[in-house]
Amino acid sequence: SHRVKLLLLYLSTDNGLVESLQSCPATNPSMLNVHLVPHTHDDVGWLKTVDQYYYGDRNNIQHAGVQYILDSVIDQLQKDPARRFIYVETAFFYRWWRQQSQSTQRIVAQLVNEGRLEFINGGWCMSDEATTHYSAVIDQMTLGLRFLNDTFGECGRPRVAWHIDPFGHAREHASIFAQMGYDGFFFGRLDYQDKARRMKTKEMEMLWRASESLTPPLADLFTGVLPNGYNPPEGFCWDQSCDDAPIRDDPDLEDYNVDEIVQKFLNASYRQAAFYKTNHIIMTMGSDFQYENANLWYKNMDKLIKYVNALQAKGSKVNVLYSTPSCYLQELNLANLTWPLKTDDFFPYADDAHDFWTGYFTSRPALKLYERLSNSRLQTCNQLEVLGGPKSKSGPFGEGDSDTMKRAMGVAQHHDAVSGTEKQHVAYDYARRLATGWAHCEVQKHNHHSNTLATLGSEAPRVFCENLNISVCPLTESSHKFSMNVYNPLGRTVSWPVRLPVNGSVYSVTDANGRVVPLSKSTQEVRRNRGYAKGELVFQVEAPPLGYSTYIISMLRDEPPASSAKPTVTLSIQNKFLKVTFDDTTGLLSSLTDLETDQTIQLTQNFYWYNASAGNNKESRQTSGAYIFRPNSSDPFVINKTAETQIVTVSSTVQEVTQRFSPWVSQVVRLYEGHRELELEWTVGPVPVADGLGKEVITRLDTDIKSSDYFYTDSNGREVLERRKDYRPTWELKQTEPVAGNYYPINSRAYIKDDKHQLTVVTDRSQGASSLYNGSLEIMLHRRLLYDDFRGVGEPLSEPGEFSDGLVARGRLLLTLSPPDTAADVHRPLAQGMVLQPLLSFQDGTPSANTKLEFSGLQTSLPPAVHLLTLSQWDKDTALIRLEHQYQAKESKTHSQPVTVNLQKLFSTLEVLGASEMSLGANQWKEDMNRLHAKDPSPWEVTLNPMEIRTLLLRVRQL
């Protein structure tokens with residue numbers, strides 16, 4: 001019923017676009033046109049590290065060398081102007097380009113200008129879609145697109161998004177691509193049942209309406225499913241890595257096969273055309289790391305084109321040509337057809353009845369958290385670069401302090417990086433790159449805080465305690481008096497709890513105004529799995545928007561603290577917003593009450609594990625692995641029906657209860673003063689596998705909410721999609737995996753609700769989640785498996801961890817309870833505070849008298865609906881800013897409406913001299929984009945509608 005006309009306003013004022021489409025080869029309107037697209041798919045790390053892939057190192061693991069691919073392709077393209085090639089991964093192209101001579105660079109630039117070499121997608125990598133956060137995806141796309149724009153200008157701007165390998169597709173990604181000005185999107189993988197139905201109904205190409213909030217066509221994107229994943233049709237792979245027969249076209253030599261190959265190709269073309277609507281079809285001529293010797297491919301494709309087209313003289317109706325995705329898309333647009341409309345997403349992805357790719361939503365939980373924390377660190381780094389004023393830095397490819405981190409984060413978004421589907425040695429390499437980025441950012445923060453912002457007069461070195469998550473910070477453990485600087489990267493004042501490992505028994509903490517801060521001491525045994533601290537100091541800090549505040553911590557008594565833990569009786573904890581009760585026989589949570597609305601739900605929470613299939617199942621050999629989740633049974637094993645529980649702290653700052661379920665699973669339940677959320681800090685691992693059983697560990701929340709098979713998950717941290725058990729909006733689902741087939745990715749939140757209650761869980765990293773029972777919500781936290789799952793990675797997912805006995809993962813879930821119509825008012829800001837965390841730094845001693853103890857980069861807090869997504873130095877006098885409306889349409893009575901920000905009243909230390917609006921990817925001016933946009937009341941006023949992101953380049957001067 002949903003059909004829409006697609007009008008890509010191709011021939012607008014955009015001259016570069018007109019030029020590049022004029023370079024498209026001629027087609028024949030009365031024939032079936034077969035567009036051959038020569039391409040290579042170059043993973044930015046997978047079985048080898050990104051640099052091993054670039055150089056062609058460690059070919060014993062996989063024969064692949066990207067530098068040779070680019071060398072060979074450029075050489076072959078020059079031999080015939082009809083030849084075409086597309087290139088995708090800017091991380092690799094950037095490495096190669098820097099090593100080329102000026103004459104090679106000139107040749108490449110000419111090939112780009114003539115449309116013979118075309119960049120497609122163009123981000124630093126081809127990002128994963130299930131486990132990435134929108135802010136990091138936008139950044140990595142911007143990084144790649146900027147390099148192409150700086151290097152090649154308008155002709156280097158990719159027109160088409162190309163996600164041929166990611167394992168399922170997120171609606172938010174399509175929305176991002178639409179807002180970046182892409183004309184279309186092609187991918188390779190979708191659920192086998194969905195694909196079969198689409199082939200039958202000729203719905204392989206569609207219009208994807210990728211937002212429920214943005215006014216069409218802002219987030220509308222033409223989307224096409226490729227016919228063979230991203231491989232050539234069977235029998236036509238001519239790479240050095242393939243075994244298909246070459247075209248043997250000398251009749252005097254043996255095995256002449258031209259007629260046979262031509263016939264086979266005609267058959268393949270007609271077979272494929274039966275599933276598509278127009279007289280144009282696309283064939284992906286290439287695959288993983290192909291074209292290292294491009295001559296083999298081009299020599300045979302030249303012959304194929306020649307001999308197939310020669311038959312036209314005898315009445316054949318097939319026309320073969322070298323082409324690119326954007327030239328193919330132009331033909332679809334000219335066909336002026338009506339396309340089916342798609343409004344949901346493409347998760348979960350299964351390639352067979354028992355093969356659901358829903359395990360990677362959780363695989364490598366520590367890497368997934370580290371990537372998220374690194375994003376927070378990078379945003380802070382970017383902000384300080386702008387607030388700190390001009391430095392010796394020019395653009396992201398001069399070596400500014402944040403650039404190492406930008407590239408490390410760019411690589412980490414790859415669909416075998418944060419996804420957790422790489423080999424172990426490659427996972428270490430991604431983490432090492434991020435760690436190097438952190439180190440570069442610390443140098444810069446030290447400079448900015450100490451010099452530029454003149455924050456701390458003290459000569460003592462600044463220390464960033466990166467191990468607070470395991471209660472280790474040598475400075476706080478040993479110092480008798482020290483200061484702590486808290487930087488807040490958000491556009492509004494936020495209160496955060498801080499926990500510092502200490503050895504004294506009595507401390508005092510004062511804030512920037514000299515006021516005493518309430519604090520509590522915890523001597524929690526559960527946390528203290530490392531280090532020498534005998535206890536933790538817990539207090540709440542706040543810092544002004546885009547600014548910092550300084551706290552002074554003094555030890556008053558230094559004998560070790562007395563233990564305050566006491567075993568429990570019937571217990572409950574509460575603050576002014578929430579009350580939580582525990583069951584006195586099991587020690588588990590039993591209820592949650594919102595004291596403001598006086599609503600209570602029954603709530604039990606426990607930990608379970610699914611027994612991972614070891615491939616001895618009669619129906620199929622499919623195992624659980626890095627990609628695939630396949631439990632042996634739909635019923636998980638409970639780790640313990642009861643939890644050993646103790647109240648550890650009851651104070652004015654925090655109340656906490658520890659629960660120990662087994663030697664490898666424990667949890668702290670916390671309620672902070674003044675907070676509307678309940679924190680569950682879980683610790684899982686090392687997961688025991690001596691019994692020969694792989695384990696997929698979940699926590700499950702069971703409530704009396706009448707959710708009736710519906711639950712809700714976010715898409716890349718932004719819009720929320722409705723999910724329903726055993727159901728797909730697009731086709732009649734035949735459910736073959738009752739657990740794995742109901743798992744969806746969450747990046748920041750999931751919730752269940754009925755008319756009265758909504759229970760929302762905000763997460764600290766990407767995870768898999770589902771609701772398999774009425775009133776239930778489960779989240780997979782950790783996986784340790786003993787078998788490979790036959791999708792190419794070639795090793796079981798069994799992370800050794802620090803002591804080689806298995807990885808220990810620790811994380812936080814934040815629970816909120818509210819009526820459905822006010823839920824977003826709590827979970828939206830809560831999730832942003834989880835994504836952008838405060839930066840803590842420490843100095844021994846006390847700041848000198850002239851030190852500025854508090855600073856805000858903004859004149860006033862941003863309106864509650866507005867999120868400052870990006871603030872980043874662009875070049876010497878300009879900064880890139882993205883302002884985002886963080887609410888969906890109809891989500892909040894208070895906030896789901898347009899809101900206006902005045903750019904000249906934004907910053908406290910920067911004067912805004914000029915503002916120009918750009919596409920979301922910051923590689924074209926907004927007025928040059930052929931998508932409609934509304935006018936603002938004045939050049940300085942920026943109006944945001946729900947879920948809208950506005951990207952502006954500001955000319956700024958330091959005040």
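Just so it is clear, the model here is predicted, and its values are computed rather than measured.
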Taking Asn747 for its side chain and Asn716 for its backbone only, find out whether a donor-acceptor pair lies under 3.5 Å.
yes
Would Phe92 and Trp124 count as a close aromatic pair, with their ring centres under 6.0 Å?
no
For Ser770 and Asn742, indicate whether the former's side chain and the latter's backbone hold a donor-acceptor pair under 3.5 Å.
yes
Side-chain donor or acceptor of His41 paired with backbone N/O of Tyr230 under 3.5 Å
no
Side chain to side chain contact (heavy atoms under 4.5 Å, CB included) partners for Pro227, two or more places apart:
Gln272, Tyr276, Ile282
With Asp239 via side chain to side chain contact (heavy atoms under 4.5 Å, CB included) - residues at least two apart:
Cys237, Ser241, Cys242, Gln290, Trp297
With ring centroids as reference points, do Tyr744 and Phe711 lie under 6.0 angstrom apart?
yes
What heavy-atom pair brings Arg372 and Thr131 nearest, and what distance separates the two atoms?
NH2-O, 4.1 Å
Closest approach of Ser135 to Leu869 (non-hydrogen atoms, all atoms of both residues)
CB-CD1, 3.5 Å
Minimum-distance pair of heavy atoms, taken over all atoms of Met285 and Phe236
CE-O, 3.8 Å
Not counting sequence neighbours, which residues clear ring-ring contact (aromatic ring centres under 6.0 Å, His included) with Phe346? List them please.
Phe187, Trp208
Is it the case that the side chain of Ser872 and the backbone of Leu880 share a donor-acceptor pair, with hydrogens and angles ignored and the cut-off at 3.5 Å?
no
Is the shortest distance from a Lys or Arg side-chain nitrogen in Glu118 or Arg84 to a carboxylate oxygen in the other one below 4.0 Å?
no
In chain order, what residues pass the side chain to side chain contact (heavy atoms under 4.5 Å, CB included) check against Ala831, with sequence neighbours excluded?
Ser748, Arg749, Val762
OH/Tyr55: more than 12 non-hydrogen atoms of other groups inside 6.0 Å:
no
Short question: side chain of Arg364, backbone of Val418 - any donor-acceptor pair under 3.5 Å?
no
For the residue pair Tyr743 and Phe629, is the inter-centroid distance of their aromatic rings smaller than 6.0 Å?
yes
Residues which pass ring-ring contact (aromatic ring centres under 6.0 Å, His included) with His163, listed by chain and number, not counting sequence neighbours:
His173, Phe177, Phe185
So, using side chain to side chain contact (heavy atoms under 4.5 Å, CB included) as the criterion, who are the partners of Ser715 when residues are at least two apart?
Ala170, Arg171, Glu172, Leu721
Checking Arg630 side chain against Ser624 main chain: does a donor-acceptor pair fall under 3.5 Å?
no
Run the salt-bridge test on Asp764 and Arg812 with the 4.0 Å N-O cut-off and return the result as yes or no.
no
Between Tyr291 and Tyr68, ring centroids under 6.0 Å:
no
Could you name each residue pair satisfying salt bridge (Lys or Arg N to Asp or Glu O under 4.0 Å) that touches residues 423-432, not counting sequence neighbours?
Lys423-Glu795, Asp429-Arg432, Asp429-Arg433
Partner residues of Arg728 under the salt bridge (Lys or Arg N to Asp or Glu O under 4.0 Å) criterion, sequence neighbours left out
none
Going by the rule salt bridge (Lys or Arg N to Asp or Glu O under 4.0 Å), which residues pair with Lys48 if we only count those two or more places apart in sequence or in a different chain?
none
Given 3.5 Å as the limit, does a donor-acceptor pair link the side chain of His35 with the main chain of Thr284, or not?
no
With a 3.5 Å distance limit and no angle check, can you tell me whether Thr623 reaches the backbone of Asp788 through a side-chain donor-acceptor pair?
yes
Using a strict 4.0 Å threshold on nitrogen-to-oxygen distance, state whether Asp191 and Lys195 make a salt bridge.
no
Between Phe152 and Trp97, is the gap from one ring center to the other below 6.0 Å?
yes
In chain order, what residues pass the ring-ring contact (aromatic ring centres under 6.0 Å, His included) check against Tyr627, with sequence neighbours excluded?
Phe167, Trp357
With sequence neighbours excluded, what pairs up with Glu292 under the salt bridge (Lys or Arg N to Asp or Glu O under 4.0 Å) test?
none
Might you point out which heavy atoms bring Glu205 and Gly224 nearest each other, and give the distance in Å?
CG-CA, 3.9 Å
Counting heavy atoms not belonging to Gln99, are there more than 12 under 6.0 Å from its CD?
yes
Residues forming a salt bridge (Lys or Arg N to Asp or Glu O under 4.0 Å) with Asp355, sequence neighbours excluded
Arg791
